[in-house]
Amino acid sequence: MDFGTDDHAEALRTEVRAFAAEHLTPAVRARVAESGNYHDDAFHQAMADRGWVGAHWDPEDGGRGWPRAYSDVVYEELAAAGAPVEGLAITQIIGEAIRRVGTPEQKARFLPSICRGEVLLALGYSEPASGSDLASVQTRAVRDGDGWVIDGQKIFTTAGSIADHVFLLARTDPTVPKHAGLTLFLVPTDDPGFSAAPIFTLSGQRTNTTYYSDLRVDDTARLGAEGAGWEIVNVALAFERGGEFAAQLRRLVEAAVAWARTGDHGTDPRFLARLGRAATSAEVARLLGAYASWSRETARAGAVEGTIAKVYGTEALQRASSALLDGAGVEGLASDRTNESPAAELQHLYRESQIATIYGGTSEVLKTVVAQQRLGLPRPPRSSSR
Ligand SMILES: Cc1cc2nc3c(=O)[nH]c(=O)nc-3n(C[C@H](O)[C@H](O)[C@H](O)COP(=O)(O)OP(=O)(O)OC[C@H]3O[C@@H](n4cnc5c(N)ncnc54)[C@H](O)[C@@H]3O)c2cc1C
């Protein structure tokens with residue numbers, strides 16, 4: 001793979017930085033801090049108006065046919081600026097699944113409107129008793145005439161209170177081995193059978209418990225074949241796990257450099273040593289992420305490249321933010337979420353990093369995936385219990 005860049009990517013980088021300077025206003029930051037949703041409608045619409053949502057999708061899907069690397073530049077620059085891009089990231093992950101397994105009608109219905117910024121989606125996999133062991137989900141979808149009736153509860157449905165649809169993993173056949181009895185649905189959140197309740201994380205980010213009560217959808221809400229849910233989730237997970245955390249590491253390093261430039265902090269050799277390690281980690285994470293993205297686009301390697309990038313990036317973010325926050329001493333205690341000082345940013349990133357090794361698959365579980373898929377170590381026998 002060529003890790004080099006081209007003139008268009010560099011020009012795009014400059015354009016995205018200027019966009020962030022213009023659109024990431026104090027009002028947007030205040031709305032995000034207030035709601036806890038790392039998404040802002042006006043900011044998202046401005047991105048869509050530039051053609052940056054689903055830009056790497058085919059023109060018939062509403063995209064611009066860009067190489068994936070250009071979309072990565074947009075994401076990296078916006079995330080490094082602290083922009084609210086979680087709604088963008090989640091919606092694009094689900095869009096990738098729709099592109100691969102959706103019917104022509106589903107593609108026409110969702111993909112161009114996602115690109116226009118009109119549709120926001122949320123991932124509805126996890127349940128209170130089914131996180132790492134995702135195949136054990138209990139939310140039921142039962143056939144009812146031409147449609148389905150859905151009942152159950154999901155947890156950590158990020159963006160669930162603002163999304164238009166939830167990409168919902170449900171059990172449609174409890175009589176077969178657990179991986180085989182799952183089906184995916186695109187469930188509308190304006191149905192009276194849907195509700196969401198907030199969960200706030202250590203960094204003030206909002207995720208949700210979502211409830212599905214006698215929620216009726218017709219069969220056009222089913223994405224992919226009945227019983228194919230497990231395979232489709234794995235397609236989507238391959239797009240969820242990647243190098244996104246490199247941008248957070250860069251943001252951390254930039255905040256630490258800004259802090260070091262104040263007073264005489266920049267002369268502390270212990271802080272500088274920590275900063276050097278963080279900057280090195282940020283570069284390694286960036287390269288692993290670029291390799292994962294290239295592997296995905298060219299199908300030269302499996303999804304394990306993204307898993308490696310996710311594990312490395314999130315664990316490096318935890319190590320580096322802990323070391324740098326500690327190095328900032330008492331100034332790192334500034335915790336007001338509207339405080340944009342470099343020290344407050346260090347603390348915010350430290351708080352955010354604590355959950356990064358959990359969502360999208362925990363580090364413990366993902367290391368097992370790497371051991372099996374990259375190192376060829378044996379899998380434990382699959383349980384057929386439900
Ligand atoms: C902020 C946040 C946002 C999230 N957003 C979403 C979302 O949008 N949609 C969604 O569906 N889910 C979301 N999740 C859920 C996330 O994917 C799960 O929390 C995660 O997969 C872990 O599941 P669990 O919480 O049930 O923990 P468990 O699976 O109960 O794990 C508990 C502990 O046991 C360890 N463990 C479990 N199994 C193994 C094993 N086989 N080997 C070694 N160790 C193991 C884990 O590593 C962990 O340390 C989010 C979570 C968080 C915290």
Side-chain angles (χ1 to χ4, degrees), residues 35-39 84-95 97 120-139 152-171 178-179 182 184-187 189 196-212 229-230 232-241 244-245 248 306-307 310-311 314-315 317-318 348-373 377-383 385:
S35 72
N37 289 312
Y38 288 4
H39 168 87
V85 286
E86 193 154 64
L88 168 76
I90 295 172
T91 301
Q92 286 188 160
I93 290 166
I94 300 165
L120 201 66
L121 305 172
L123 291 163
Y125 303 150
S126 307
E127 296 182 1
S130 304
S132 302
D133 183 18
L134 195 55
S136 66
V137 299
Q138 295 299 318
T139 292
Q153 178 185 344
K154 296 284 174 182
I155 195 167
F156 302 128
T157 320
T158 305
S161 64
I162 52 172
D164 302 288
H165 287 77
V166 176
F167 183 62
L168 187 92
L169 185 65
R171 185 160 302 287
K178 63 182 183 179
H179 293 81
L182 300 168
L184 272 161
F185 296 88
L186 284 159
V187 171
T189 56
I199 304 169
F200 287 96
T201 70
L202 188 64
S203 68
Q205 181 182 4
R206 177 177 174 157
T207 179
N208 303 276
T209 306
T210 51
Y211 302 93
Y212 309 81
W230 186 248
I232 299 169
V233 164
N234 280 296
V235 169
L237 282 173
F239 287 92
E240 184 170 355
R241 297 171 183 158
E244 290 72 17
F245 293 93
Q248 299 286 81
T307 303
K310 198 262 178 184
V311 171
T314 52
E315 295 199 349
L317 184 65
Q318 275 181 4
H348 186 70
L349 287 162
Y350 169 80
R351 287 171 176 259
E352 277 195 352
S353 74
Q354 303 309 310
I355 52 175
T357 51
I358 300 173
Y359 56 73
T362 67
S363 267
E364 292 83 359
V365 169
L366 296 190
K367 284 175 186 169
T368 303
V369 170
V370 174
Q372 290 166 351
Q373 294 184 17
L377 294 174
R379 291 169 186 274
R382 184 183 269 190
S383 159
S385 64

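Remember, it's a predicted structure, so these values are computed and weren't measured experimentally. When a ligand or atom number is given, it counts from 1 through the structure's own listing order.
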Legend entry - Contact check: L123 vs ligand 1, nitrogen or oxygen atoms, below 3.5 angstrom: yes

Inset, instruction - Using protein heavy atoms only, decide if any is under 4.0 Å from atom 35 (C) of ligand 1. - result: no

Inset, instruction - Among all protein heavy atoms, pick out the one at the shortest distance from atom 13 (C) of ligand 1; state its residue, atom name and that distance to 0.1 Å. - result: F156 O, 3.1 Å

Legend entry - Nearest non-hydrogen partners of E127 and I155, listed with the distance: C-CG2, 3.5 Å

Legend entry - Side-chain heavy atoms of I355 within contact of Q205, under 4.5 Å: yes

Legend entry - Ligand-side contact atoms (ligand 1) for residue partner G360, heavy atom cut-off under 4.0 Å: 17 (O)

Legend entry - Whether over 12 other heavy atoms sit under 6.0 Å from Y212 OH: yes

Inset, instruction - Find all atoms of ligand 1 within a distance of less than 4.0 Å from any non-hydrogen atom belonging to T362, and give their numbers and elements. - result: 22 (C), 46 (C), 47 (O)

Legend entry - Polar side-chain atom of T189 near backbone of D164 as donor-acceptor pair, under 3.5 Å: yes

Inset, instruction - Would you mind listing which atoms of ligand 1 come within a distance below 4.0 Å of any non-hydrogen atom of I355? - result: 1 (C)

Inset, instruction - Note the single closest protein heavy atom to atom 53 (C) of ligand 1, along with its residue, its atom name and the distance in Å. - result: I358 CG2, 4.0 Å

Inset, instruction - Indicate whether atom 30 (O) of ligand 1 is within a distance of less than 4.0 angstrom of some protein heavy atom. - result: no

Inset, instruction - Kindly confirm or rule out an N or O of I90 lying under 3.5 angstrom from an N or O of ligand 1. - result: no

Legend entry - Heavy-atom pair of closest approach, residues Y125 and V137: O-CG1, 3.5 Å

Legend entry - Validation row: F167, L186 side chains within 4.5 angstrom (heavy atoms): yes

Legend entry - Polar contact flag for T201 and ligand 1 (N/O pairs, less than 3.5 Å): no

Inset, instruction - Please round to the nearest 0.5 Å and tell me the distance separating atom CD of Q318 and atom OH of Y350. - result: 8.5 Å

Inset, instruction - Go through ligand 1 atom by atom and flag the ones less than 4.0 Å from a non-hydrogen atom of Y359. - result: 1 (C), 2 (C), 3 (C), 4 (C), 16 (C), 17 (O), 50 (C), 51 (C), 52 (C)

Inset, instruction - Return a yes/no value: protein heavy atom under 4.0 Å from atom 6 (C) of ligand 1? - result: yes

Inset, instruction - Output yes when the distance from some N or O of ligand 1 to some N or O of Q205 is under 3.5 Å, and no in every other case. - result: no

Legend entry - atom 51 (C) of ligand 1 protein-contacted (non-hydrogen atom, under 4.0 angstrom): yes

Inset, instruction - Write out the residue and atom name of the closest protein heavy atom to atom 24 (P) of ligand 1, then the distance separating them to 0.1 Å. - result: G131 CA, 3.8 Å

Legend entry - Selection from N208, T158, V365 by shortest heavy-atom distance to atom 45 (C) of ligand 1: V365

Inset, instruction - Check the angle between the aromatic planes of F245 and Y359 and answer parallel, tilted or perpendicular using the 30° and 60° thresholds. - result: tilted

Inset, instruction - Going by the side-chain contact (heavy atoms from CB on, under 4.5 Å) test, name the single residue among V166, L184, L123 that passes it with I94. - result: L123

Legend entry - Backbone or side-chain N or O of E364 under 3.5 Å from ligand 1 N or O: yes

Legend entry - Closest approach of S353 to L317 (non-hydrogen atoms, all atoms of both residues): CB-CG, 3.7 Å

Inset, instruction - Return yes or no for this condition: an N or O of T157 is under 3.5 Å from an N or O of ligand 1. - result: no

Inset, instruction - Could you tell me whether some N/O pair between S126 and ligand 1 is separated by less than 3.5 angstrom? - result: yes

Inset, instruction - Looking only at protein heavy atoms, identify the closest one to atom 27 (O) of ligand 1 and say how far it is in Å. - result: S132 OG, 4.3 Å

Inset, instruction - Indicate whether atom 19 (O) of ligand 1 is within a distance of less than 4.0 angstrom of some protein heavy atom. - result: yes

Inset, instruction - Give, for atom CG of L182 and atom CG of L169, the distance between the pair rounded to the nearest 0.5 Å. - result: 5.0 Å

Inset, instruction - Please determine if K367 and E315 form a salt bridge, counting it only when a charged side-chain N lies under 4.0 Å from a carboxylate O. - result: yes

Legend entry - Minimum heavy-atom distance G361-K310, with the two atoms named: O-NZ, 3.0 Å

